[in-house]
Amino acid sequence: MLAQYIANGLLIGSLYACLAVGFSLIYGVLSIINVMHGTFVVLGAYITIYCSQYLGISPLIAALIGCAIMFVFGYLTQRFLINEVVAAPIFISFTLTFGFDLLLNNAMIHAFTATPRSLLLDYGSITVAGISLSVARLGAMVLALVLTGVLYWLLRHSQMGRAIIAVRMDRHAATLLGIRVPQVYAITFGIGTLMAAAAGGAMALVFPITPLLSGTFLGKSFVICVLGGLGSVPGALVGGFALGLLESFGAVAFGAQWSATVGFALMIVVLVLRPSGLVGRKGFE
Amino acid sequence: MNERLVTLPRILAAMLLIAAVIGFGFYANNYLLQAGTTLAMSIVLCLAWNIVGGYMGYPSFATAAFFGLGAYIGGIVQNYDLPLALAWIVAAAGGAVFAALLGSILLGLRGHYFAIGTIAVVEVMREVANNWEGLTGGAIGMNLPILVGSPRAVGIFFYLAMWALVLITFVLTAMIVNSKFGFGLRCIRQNESAASMVGIDVFKFKVKAFIISGLIVAAAGAVYASMVAFIEPKDVFNVLMSIEVPVMVMLGAAGTVLGPLVGAVIYVLLKELVWVNFINFHSAILGIIIITVIYAVPKGILREFQSRLRSILTARPLNFRKS
Amino acid sequence: MARKLAKFASRALAGGLLVLGSTALVLAADPIRIGAPLSLTGSLADEGSKEQQGLDMCIDAINAKGGVKVGKEQRKLEAVKYDYQSETSRAVQLVQRLVTVDKVDFLFAPYGSGDTKATAVLAERYNVPMVATSAATESVYDQKQKNLFGILFPNRAMAEVEVKFYKAKVPQAKKMAVLALNSLFPKAFAASVRDTAAKDGFEIVFDGLYSPGTMDFANVLTQIKAANADWVYATGYIQDLILIRRQMANFGMNIPIVTMTAGAAYPEFAQNLGALADNVTTNAWWHPSATYKDSYIYGGAQEYTQAFQKKYNKIPTYLEAAATSGCEVLALSIEQAGTVEAEAVRKILASRRFETFYGPIKFGPSGQNEINSPMILQIQKGKYVVLEPQSSKTGELAVGVRAQ
């Protein structure tokens with residue numbers, strides 16, 4: 001059974017990792033806590049569900065459409081709405097995104113209602129060496145690794161990626177070097193939103209979606225990023241798996257009602273003992 | 001210190017205000033009475049937060065943690081058939097102790113990390129309350145003894161109790177502002193390392209501020225619990241409260257004596273208007289209000305008006321001398 | 001700056017006038033007013049809108065008849081609605097407002113056992129009769145309040161009927177696993193079921209709780225699978241139950257009986273699960289296929305269901321029906337008392353037996369409905385089949401919930 005517990009932990013962990021990558025990126029580069037993150041994930045999930053159900057296309061394509069839409073949405077949001085406060089103290093940006101989130105969430109409840117919606121597709125599960133693995137969650141694991149890998153590569157090997165890292169390390173120096181910082185910010189925010197939408201697509205395969213999930217997703221993203229390392233993209237991956245395993249064993253040891261608490265409590269411990277998280281060192285990939 | 005805190009115009013203004021508040025309590029209908037009590041509670045929370053978040057510059061989201069703690073301690077004490085006032089005092093003491101413990105752990109963190117840590121504390125506390133049935137009744141919630149008396153009498157009692165707490169906290173804040181302690185806090189906000197080099201015992205100051213803030217919030221929680229007579233974890237350990245309080249203070253102007261008051265009054269009023277009249281869109285409208293505030297008055301309404309108001313209305317921190 | 005101040009002041013003034021105006025407007029008319037705090041946003045938004053629909057069904061039907069007969073005159077019914085955002089403290093505040101500002105004659109309780117209990121305190125203080133249409137947990141009614149009237153019969157009655165039923169139908173099922181959401185109603189309900197089952201000879205091989213917002217039941221289900229349970233009983237709200245059922249399939253769990261309360265009684269459950277919902281059993285305090293008759297509104301359960309479908313394009317569940325009947329018993333009591341005066345109406349509410357499309361309703365000494373009419377349902381090929389009681393039965397129990 002131990003192997004099954006570990007597998008369970010890693011599978012949910014990969015979903016968590018997908019969730020947190022976008023959040024971590026935005027925090028790392030723009031230094032803002034994007035309270036809208038959870039809502040973006042849910043939006044991505046809804047786009048995936050609706051495109052898939054009403055246009056009859058495969059969820060993968062639907063998710064990609066969602067990513068594209070959300071990238072544009074994120075870019076525009078940052079460029080015209082959030083750019084003003086990027087350099088301001090944390091409370092300002094936190095509160096601003098909080099205000100936007102209220103708006104978005106209310107709109108979502110009206111558009112989609114609170115009734116849960118799901119993708120009526122079941123990919124079933126496979127059994128490997130006596131361990132049951134859900135195919136949808138395995139897919140999410142692949143997605144998490146792909147997202148992280150692509151982002152990692154992008155940041156290192158593309159010009160835009162290098163510009164993003166430069167801005168992250170020192171935004172003033174970056175400006176002096178001729179990098180158009182507001183543009184970089186907008187693109188980064190767009191990428192972060194795109195990742196959230198991708199995560200939403202994965203979530204749509206696994207959970208029944210309601211607008212109320214945005215709070216849960218945001219909360220998890222927080223914990224994961226802190227565990228892994230705020231601002232570090234591989235950190236989101238590590239943090240996701242770590243949280244998945246922690247909750248998994250926490251549920252077995254203390255009972256399922258304590259599993260979330262274990263995560264938060266450990267988050268505090270990590271914050272106090274090693275604020276940079278298990279992996280992260282802000283500024284360097 | 002450079003500025004006399006207690007001036008004649010200020011005393012007159014304060015007395016007028018107190019009279020107005022008490023008068024309102026006796027003449028308004030029950031609903032307005034409760035609205036006034038809720039407003040008072042918001043002001044207390046804002047003033048308390050202002051000490052740690054405004055003057056000291058540590059963005060704390062722990063308000064809900066202390067509020068819930070105070071509510072439950074108050075409830076547990078009252079359920080042993082002990083008097084109301086004792087319950088409130090014990091709750092405040094509990095808040096102080098918890099603040100001391102929590103503070104020593106968390107106050108070593110800076111900025112973002114501190115903020116995130118405090119949010120986590122709220123979540124942990126809520127889950128503990130949810131699951132520790134023997135102590136808190138768990139998710140089912142806890143009943144408190146219902147105060148005997150007509151709705152009006154009970155309403156007035158809690159109204160006055162909350163506003164008394166407002167007065168206490170306000171005086172406390174004013175005293176802190178004009179003391180060496182307050183000066184130390186502001187130094188910490190400006191530059192913690194420099195403050196330490198100048199000889200301020202930074203750690204002790206931080207913990208002390210956290211304790212003062214914590215015990216006030218816990219007291220408010222206990223009064224709230226006695227008032228509603230039934231509490232549940234998700235109700236009193238509500239992260240939304242932790243977020244709204246800093247928003248209110250920022251709206252008014254963090255780091256000033258009157259800022260929290262102004263901010264709380266405006267926010268609560270706006271929320272009331274919106275909530276009552278726009279049943280389907282109120283949270284969207286609230287969001288719009290918050291956004292507008294950030295864009296239009298990012299430093300807080302009080303500071304934006306500072307150059308236009310007489311100094312009689314604004315107790316300026318010492319270092320902000322505008323010509 | 002002065003412009004901003006002026007703009008703000010004018011906004012505040014306008015808002016204030018609006019509030020005053022709407023209050024005045026309302027006081028001018030003469031309908032009977034029911035105060036309804038509803039959770040239209042927040043975590044209970046789905047349930048809140050169901051309650052609203054139920055309430056509207058009642059008010060529309062009664063007003064279409066001309067209103068409630070109070071002595072010699074006919075007065076229309078009106079609901080004063082506010083959204084308490086699924087937050088208990090706001091529900092309490094809103095009840096305060098409904099009583100003191102809107103001066104409603106009667107109150108509807110907010111959704112769920114927890115919030116009902118919190119607001120009942122206030123209703124009692126103000127002596128305003130409050131009808132609770134969504135609270136079944138016995139502890140809600142344990143404060144000896146005379147103003148609280150609960151439509152839903154106690155959890156315990158439901159648990160007893162269920163345990164007896166399954167024990168008789170599937171005698172080879174001996175081991176039971178109980179998984180409950182850590183919230184007032186689901187937890188209390190599961191405890192009722194568990195205790196009744198244990199007393200009746202079932203072996204409880206798993207007994208666990210989970211927190212709201214749980215995103216993964218993998219480990220819990222791994223344990224249940226390893227314990228070889230014959231009967232899995234899960235409580236929670238609809239999205240939790242959907243997830244649990246899905247993950248059960250992921251783990252290849254084939255269980256003879258799977259019962260889920262309370263989200264499984266809503267059509268959205270089957271809609272979200274498709275074929276996976278098959279053979280899941282649940283229960284309900286009422287179902288559209290009930291055969292109750294009603295001489296006041298709608299004529300009976302069937303007619304009510306049809307009317308509801310026509311208006312809202314979906315099938316009603318016990319939530320909507322309870323809300324409708326809650327308003328109905330109020331109207332009936334007012335008519336019998338000949339007045340809207342609280343004391344008189346309360347006397348009727350406390351003593352009379354009402355025959356409604358929802359079923360017979362008689363409020364016991366604690367204020368809760370003491371006539372139990374539990375229904376056991378099963379989803380078969382996407383449709384609900386009634387297994388109990390005999391009078392409404394439409395099919396037989398199909399044993400075995402499979403992982404596809």
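Chain identifiers are assigned alphabetically (A, B, ...) following the order of the sequence lines, protein sequences preceding nucleic acid strands; residue numbering begins at 1 within each chain. No hydrogens, no waters, no symmetry mates; every other heavy atom, side chains included, goes into these values.
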Yes or no on side chain to side chain contact (heavy atoms under 4.5 Å, CB included) for A/Leu96 and B/Tyr295, after CA distance, side-chain angles and deciding distance? CA-CA 9 Å; A/Leu96 185 66; B/Tyr295 281 140; 4.0 Å; yes

Turns out that what part of B/Leu107 lies under 4.5 Å from chain A's heavy atoms comes down to neither

Do A/Trp258 and B/Val128 come within less than 4.5 Å of each other through their side chains, counting heavy atoms only? yes

Where is the tightest heavy-atom contact between A/Gln257 and B/Glu127, given as atom of each residue plus distance? O-OE1, 3.6 Å

Give a yes or no on whether B/Lys234 atom NZ has more than 12 heavy-atom contacts from other residues, nucleotides or ligands under 6.0 Å away. yes

Between B/Val124, B/Leu109, B/Asn131, B/Val247, which has the largest tally of heavy atom pairs under 4.5 Å with chain A? B/Asn131

Quick check: do A/Phe94 and B/Ile243 have side-chain heavy atoms less than 4.5 Å from each other? yes

Is B/Ile291 close to A/Phe98 at the side-chain level, that is, under 4.5 Å between some pair of heavy atoms? no

Checked A/Ile109, A/Ile268, A/Val270 vs chain B; the most non-hydrogen pairs under 4.5 Å come from A/Ile268

Does CZ belonging to A/Phe254 count more than 12 external heavy atoms closer than 6.0 Å? no

Do B/Tyr113 and A/Val272 have side chains that get closer than 4.5 Å, going by heavy atoms? no

Can you tell me which of A/Val262, A/Asn105, A/Ile33, A/Thr261 forms the most heavy-atom pairs within a distance under 4.5 Å of chain B? A/Thr261

Cut-off 4.5 Å, heavy atoms of chain A, and the answer for B/Val121 is both

Which residue, B/Ile116, B/Leu106, B/Ile105, forms the side chain to side chain contact (heavy atoms under 4.5 Å, CB included) with A/Leu271? B/Ile116

Using non-hydrogen atoms and a 4.5 Å limit, figure out which bit of A/Phe100 sits close to chain B: side chain, backbone, both or neither. both

Given the options B/Gly53, B/Gly117, B/Pro59, which has more heavy-atom pairs under 4.5 Å with chain A than any of the others? B/Pro59

